[in-house]
There are 2 protein chains.
Amino acid sequence: MESTGSLCIDRVAGGGVQVPLSSADVITALAALAQEHRLAAFRLLVEVGPEGVSAGDLADRLAIPRSSLSFHLNQMMQAGLIVQRRESRSLIYSADFAAMAALVGFLTENCCRGSGC
Amino acid sequence: MESTGSLCIDRVAGGGVQVPLSSADVITALAALAQEHRLAAFRLLVEVGPEGVSAGDLADRLAIPRSSLSFHLNQMMQAGLIVQRRESRSLIYSADFAAMAALVGFLTENCCRGSGC
DNA sequence: TCCATATTTCCAATATCATGGAAATATAAG
DNA sequence: CTTATATTTCCATGATATTGGAAATATGGA
């Protein structure tokens with residue numbers, strides 16, 4: 001019998017059940033990470049953790065114009081890899097660990113058969 | 001101390017040590033998978049295993065023109081995700097499981113901290 | 001209300017990606 | 001050497017992505 005989707009039961013603080021990803025979702029998520037500035041931004045958000053970083057800080061740390069970063073953050077939001085919250089005048093972005101876990105789960109289940117990964 | 005690359009010691013039949021991926025390598029690999037036909041092709045190659053599938057068969061199974069598939073196979077080869085071998089008139093493509101394991105290793109180590117993935 | 005800060009949206013320019021038919025290349029067999 | 005099969009390369013066309021400055025929106029404070 002064939003499993004068709006990646007079912008990654010959530011283990012993160014906030015709770016919530018993980019829904020299987022469609023192949024279109026996976027493509028969107030992969031594309032969201034397949035770009036220099038976005039991969040760098042995401043890694044930074046992962047390092048920083050749930051506290052997150054404001055858009056301005058992120059632009060400074062990555063040394064890219066704010067409008068460019070805004071575009072990239074939007075891509076990652078639409079892909080569901082990061083979340084946004086407002087804190088006074090600042091918008092704080094943080095990584096969605098459950099989403100990333102689901103992506104890795106999909107890749108492991110669908111693209112790794114036979115290897116020890 | 002920070003580990004900077006994904007070090008995925010190989011567990012696959014053929015043997016060989018896994019080199020850490022640069023962030024540029026990761027972007028190339030992610031981009032190679034972030035496309036409908038390429039993701040479908042790669043999943044098919046993973047299912048089929050080391051025996052692989054000829055370019056023609058693959059084009060038929062995916063129902064896309066041969067020249068288009070050739071383009072996509074090239075992208076995945078350059079990304080190091082698949083390998084090619086000739087068998088008489090046919091070119092047989094197969095998934096490189098170690099490369100995929102390295103990619104998943106990178107994502108797990110660099111983009112998953114704190115989650116249970 | 002008026003001003004300053006934080007960030008986004010708009011937009012035009014450029015670059016990269018994807019498509020598929022036609023021609024070229026590689027291999028094999030009669 | 002000629003013909004058939006398997007696949008790639010070439011190329012023009014259209015689609016999508018990326019960039020960054022300028023203008024617009026959101027929030028908070030005097």
Side-chain angles (χ1 to χ4, degrees), chain A residues 23-45 48 51-96, chain B residues 23-45 48 51-96:
Chain A
S23 138
D25 293 335
V26 169
I27 288 165
T28 306
L30 290 171
L33 291 174
Q35 207 276 346
E36 184 187 354
H37 298 314
R38 289 198 294 265
L39 184 60
F42 189 77
R43 290 181 66 177
L44 210 154
L45 291 181
V48 161
E51 209 159 305
V53 180
S54 74
D57 269 17
L58 212 43
D60 291 343
R61 294 213 217 178
L62 298 173
I64 62 177
R66 276 131 211 268
S67 64
S68 293
L69 178 64
S70 192
F71 166 78
H72 291 305
L73 290 173
N74 222 46
Q75 304 277 302
M76 290 193 283
M77 288 247 291
Q78 295 205 258
L81 289 173
I82 64 175
V83 290
Q84 177 194 65
R85 73 177 189 273
R86 181 173 282 279
E87 213 156 90
S88 178
R89 265 173 296 197
S90 296
L91 285 172
I92 310 288
Y93 289 89
S94 53
D96 183 331
Chain B
S23 145
D25 292 336
V26 169
I27 288 165
T28 306
L30 290 171
L33 292 174
Q35 208 277 344
E36 183 187 354
H37 299 313
R38 289 198 294 264
L39 184 60
F42 189 76
R43 289 181 67 176
L44 209 156
L45 291 181
V48 160
E51 208 157 306
V53 180
S54 75
D57 269 17
L58 212 43
D60 290 345
R61 295 213 216 176
L62 298 174
I64 62 178
R66 277 133 209 265
S67 63
S68 293
L69 178 64
S70 193
F71 166 77
H72 291 305
L73 291 173
N74 223 46
Q75 304 276 303
M76 291 194 281
M77 287 247 292
Q78 294 205 259
L81 290 172
I82 64 176
V83 289
Q84 177 194 65
R85 72 176 189 273
R86 180 173 285 279
E87 213 156 89
S88 177
R89 266 173 295 198
S90 297
L91 286 172
I92 310 288
Y93 289 89
S94 54
D96 183 330

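This is a predicted model, so every value here is computed, not measured. Convention: sequence-line order gives letters A, B, ...; per-chain numbering from 1. The figures that follow rest on heavy atoms only: side chains count, while hydrogens, waters and symmetry mates do not.
Atom-to-atom, CD1 of I92(B) to P of dT27(C) comes out at 14 Å; the value is rounded to the nearest Å. Summarising the geometry, the separation between CG on D60(A) and C1' on dT7(C) is reported as 13 Å, rounded to the nearest angstrom. When rounded to the nearest whole Å, the span between CZ of R89(A) and C1' of dA30(D) equals 12 Å. Atom CD in Q84(B) sits roughly 13 Å away from atom P in dA26(C) (whole-Å rounding). Between the CG atom of L62(A) and the C1' atom of dT19(D) there is a distance of 15 Å, rounded to whole Å. In this structure, I64(A) atom CD1 and dT8(C) atom P are separated by 11 Å, rounded to whole Å. In this structure, F71(B) places its CZ atom 18 Å from P of dT13(D), rounding to the nearest Å. Nucleotide dT8(C) holds its P atom 13 Å from the CD atom of Q78(A), rounded to whole Å.
Side-chain N/O atoms of H37(A) include one lying less than 4.0 angstrom from OP1 or OP2 on dT19(D). The shortest distance between the side-chain N/O atoms of S67(A) and the OP1/OP2 oxygens of dC10(C) is not below 4.0 Å. Considering only side-chain N and O atoms, R86(B) lies under 4.0 angstrom from the phosphate OP1 or OP2 of dT27(C). In this model, the phosphate group of dA18(C) is approached by a side-chain N or O of R38(B) to a distance below 4.0 Å at OP1 or OP2. Of the side-chain N and O atoms in S70(B), one or more sit less than 4.0 angstrom from OP1 or OP2 of dT8(D). In terms of phosphate contacts, R66(A) brings no side-chain nitrogen or oxygen within less than 4.0 Å of OP1 or OP2 of dA6(C). Here Q35(A) reaches the OP1 or OP2 of dT19(D): one of its side-chain N or O atoms lies under 4.0 Å away. In terms of phosphate contacts, S90(A) brings no side-chain nitrogen or oxygen within less than 4.0 Å of OP1 or OP2 of dT27(D).
A donor-acceptor pair under 3.5 Å is absent between the side-chain atoms of R85(B) and the main chain of I92(B), judged by distance alone.
Applying the 6.0 Å contact sphere to CD of Q84(B) captures more than 12 heavy atoms from other residues, nucleotides or ligands.
Nearest nucleotide to the side chain of N74(B), out of dT9(D), dG28(D), dA18(C): dT9(D). Proximity note for Y93(A) (side chain, C-beta onward) versus dT7(C), dT19(C), dT18(D): the nearest is dT7(C).
If you take CG on L62(B) and CG on L44(B), they are separated by 6.0 Å, rounding to the nearest 0.5 Å.
Not a single donor-acceptor pair, N or O on each side, falls under 3.5 Å between the base of dG28(D) and the side chain of S88(A).
Smallest separation of non-hydrogen atoms from Q75(A) and A32(A): O-CB, 4.3 Å. The two atoms that bring A55(B) and L73(B) nearest to each other are CB-CD1, 4.3 Å, heavy atoms only.
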